[in-house]
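Residue numbers begin at 1 in each chain, while the letters A, B, ... track the order of the sequences. Because only heavy atoms are used, hydrogens play no part in the values below, and waters and symmetry mates are left out as well, while side chains stay in.
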Number of protein chains: 2
Amino acid sequence: MQRVFEALSSTVRRKILAYLSHAELTAGEIAGRFDISKPAVSQHLSVLQNAGLVESEKRGQFVHYRLVEANLANALNGYLQEVCPVSRPLKRESAGLKNQSRTAAQTDEAP
Amino acid sequence: MQRVFEALSSTVRRKILAYLSHAELTAGEIAGRFDISKPAVSQHLSVLQNAGLVESEKRGQFVHYRLVEANLANALNGYLQEVCPVSRPLKRESAGLKNQSRTAAQTDEAP
DNA sequence: AATATATTTAAGTCTTTCGTTAAATAATGA
DNA sequence: TCATTATTTAACGAAAGACTTAAATATATT
């Protein structure tokens with residue numbers, strides 16, 4: 001929990017997760033999408049991996065990274081239900097979603 | 001988005017939110033639940049307030065803090081829907097849309 | 001074997017964050 | 001008014017985080 005939220009506190013790391021949500025990528029492909037050095041990206045990937053949000057597999061000389069969706073979803077949904085108990089805020093929550101011009105959904109999402 | 005995740009990256013701040021999920025509390029009541037100084041807690045409350053996760057109201061000499069559940073839920077659910085494909089089919093289904101696949105843009109920052 | 005490519009580790013700097021104590025602000029009550 | 005209580009602001013040092021470049025490791029190529 002601590003590591004997940006710390007991992008998510010960085011814009012670069014959230015962007016990495018967004019990239020990985022579309023496709024598995026090598027470390028180099030990820031680094032190529034940022035203006036920072038490869039070692040810097042490598043460190044960000046370590047943080048994400050230690051948080052359980054990504055996993056890596058070495059194939060040949062490349063290291064492929066992929067998102068671990070379940071861990072991200074469980075961490076965020078779990079925390080949400082801890083702090084925003086489902087019983088109480090359903091109506092207010094979906095009203096808020098509509099208000100923010102995001103399509104309202106996921107009020108009854110399974111864990 | 002940035003401020004929300006930065007706010008959530010601290011254990012103390014997540015605990016404050018947990019306390020506030022059960023009841024509205026004054027700054028002093030919150031500070032009394034931690035072993036750090038009152039100014040430290042006050043700063044944490046500022047971070048939470050700047051992130052839109054809590055709001056405060058001064059009544060007499062006390063400042064009462066309460067959780068803004070909708071903002072927390074929207075931030076976390078919104079991010080999850082961006083990054084976790086599993087949440088997207090549900091979203092489509094409940095919205096009755098026949099949207100093809102993921103929208104490629106909008107990776108991180110909210111519109 | 002020698003070289004090139006992909007990635008990580010190491011070491012150092014710079015900035016940010018987290019805590020502290022002391023002082024300021026504001027409401028309460030003797 | 002003066003003192004007390006509640007809270008925040010200010011200033012500062014210690015710890016942590018995010019970069020950098022240089023070096024190490026591992027795989028592929030010639």
Side-chain angles (χ1 to χ4, degrees), chain A residues 1-20 23-68 72 75 79, chain B residues 1-20 23-68 75 79 107-109:
Chain A
M1 173 68 73
Q2 166 62 41
R3 287 187 191 182
V4 168
F5 279 108
E6 186 182 316
L8 292 175
S9 72
S10 149
T11 302
V12 169
R13 289 191 292 263
R14 287 197 307 280
K15 264 184 182 160
I16 291 175
L17 294 182
Y19 286 131
L20 292 177
E24 182 172 306
L25 295 170
T26 68
E29 288 171 329
I30 296 169
R33 287 162 163 76
F34 293 93
D35 280 339
I36 58 180
S37 68
K38 284 178 182 183
V41 171
S42 182
Q43 288 166 166
H44 283 301
L45 287 168
S46 287
V47 171
L48 289 169
Q49 189 155 26
N50 289 334
L53 298 180
V54 306
E55 54 190 22
S56 66
E57 185 185 347
K58 182 157 190 177
R59 297 205 291 270
Q61 66 189 144
F62 298 90
V63 178
H64 296 256
Y65 282 88
R66 76 180 76 86
L67 182 64
V68 182
L72 178 55
Y79 179 70
Chain B
M1 172 69 78
Q2 167 60 43
R3 288 188 189 181
V4 168
F5 279 109
E6 189 182 312
L8 292 175
S9 71
S10 149
T11 303
V12 170
R13 288 191 292 263
R14 287 197 308 280
K15 251 182 191 169
I16 290 175
L17 293 182
Y19 285 132
L20 291 178
E24 182 173 308
L25 295 171
T26 69
E29 287 171 330
I30 296 168
R33 286 162 163 76
F34 293 92
D35 279 339
I36 59 181
S37 67
K38 284 178 182 182
V41 172
S42 182
Q43 288 167 164
H44 283 302
L45 287 168
S46 288
V47 172
L48 290 169
Q49 189 155 25
N50 289 334
L53 298 180
V54 307
E55 54 189 21
S56 66
E57 186 186 346
K58 184 156 190 179
R59 295 204 292 271
Q61 67 188 144
F62 298 91
V63 178
H64 296 256
Y65 282 88
R66 68 177 148 274
L67 181 64
V68 182
Y79 180 71
T107 55
D108 194 44
E109 311 310 329

Could you tell me which non-hydrogen atom of A:Ala75 sits nearest to which non-hydrogen atom of A:Met1, and how far apart they are?
O-CE, 4.3 Å
Closest nucleotide among D:dT8, D:dA26, D:dC19 to the A:Lys58 side chain
D:dA26
Counting side-chain heavy atoms from CB outward, which of C:dT7, C:dA10, C:dA22 is closest to A:Ala27?
C:dT7
Send over the distance from B:Asn50 CG to D:dT8 C1', rounded to a whole Å.
14 Å
To the nearest Å, give me how far apart CD (A:Gln43) and P (D:dA16) are.
16 Å
Give the nucleotide from the list C:dT21, C:dT8, D:dC19 with an atom nearest to the side chain of A:Ser42.
C:dT8
Atom CG of B:Leu45 to atom C1' of D:dT9: distance rounded to whole Å?
14 Å
5'-most contact on DNA chain D: A:Gly60 or B:Glu29, nearest heavy atom basis?
B:Glu29
Interatomic distance where CG belongs to B:Leu48 and P belongs to D:dT8 [whole Å]:
12 Å
Under 4.0 Å, heavy atoms only, any strand: does B:Arg13 hit a base, just the sugar-phosphate, or nothing?
sugar-phosphate
Scanning both residues in full, the closest heavy-atom pair of A:Leu48 with A:Ala7 reads CD2-CB, 4.1 Å
Determine: side-chain N/O of B:Tyr65 to OP1/OP2 of D:dA6, distance under 4.0 Å, yes or no.
no
Test for a donor-acceptor pair under 3.5 Å between the base of C:dT28 and the side chain of B:Gln61, counting only N and O atoms.
no
Can you give me the closest heavy-atom contact between B:Leu53 and B:Leu67, atom names plus distance?
O-CD1, 3.5 Å
For the pair made of CZ in B:Arg3 and C1' in C:dT17, what is the distance, rounded to whole Å?
16 Å
Atom CD1 of B:Ile36 to atom P of D:dA15: distance rounded to whole Å?
17 Å
Output the rounded distance in Å from NE2 (B:His64) to P (D:dT8).
12 Å
Nearest heavy atom decides the nucleotide; on that basis, is A:Phe62 or A:Glu6 closer to the 5' end of DNA chain D?
A:Glu6
I need the CG-P distance between A:Leu25 and C:dA6, as an integer number of Å.
15 Å
Options C:dT21, D:dT7, D:dA18, nucleotide nearest the side-chain atoms of B:Thr26
D:dT7
Within a reach of under 6.0 Å around CZ of A:Arg3, are more than 12 heavy atoms found that belong to other residues, nucleotides or ligands?
no
Compare every heavy atom of B:Glu6 with every heavy atom of B:Arg13, then report the nearest pair and how far apart it is.
NH2-O, 3.1 Å
Strictly below 4.0 Å: does A:His44 bring a side-chain N or O up to OP1 or OP2 of D:dG17?
no
Can you tell me if the side-chain N/O atoms of B:Ser37 get under 4.0 Å from OP1 or OP2 in C:dT20?
yes
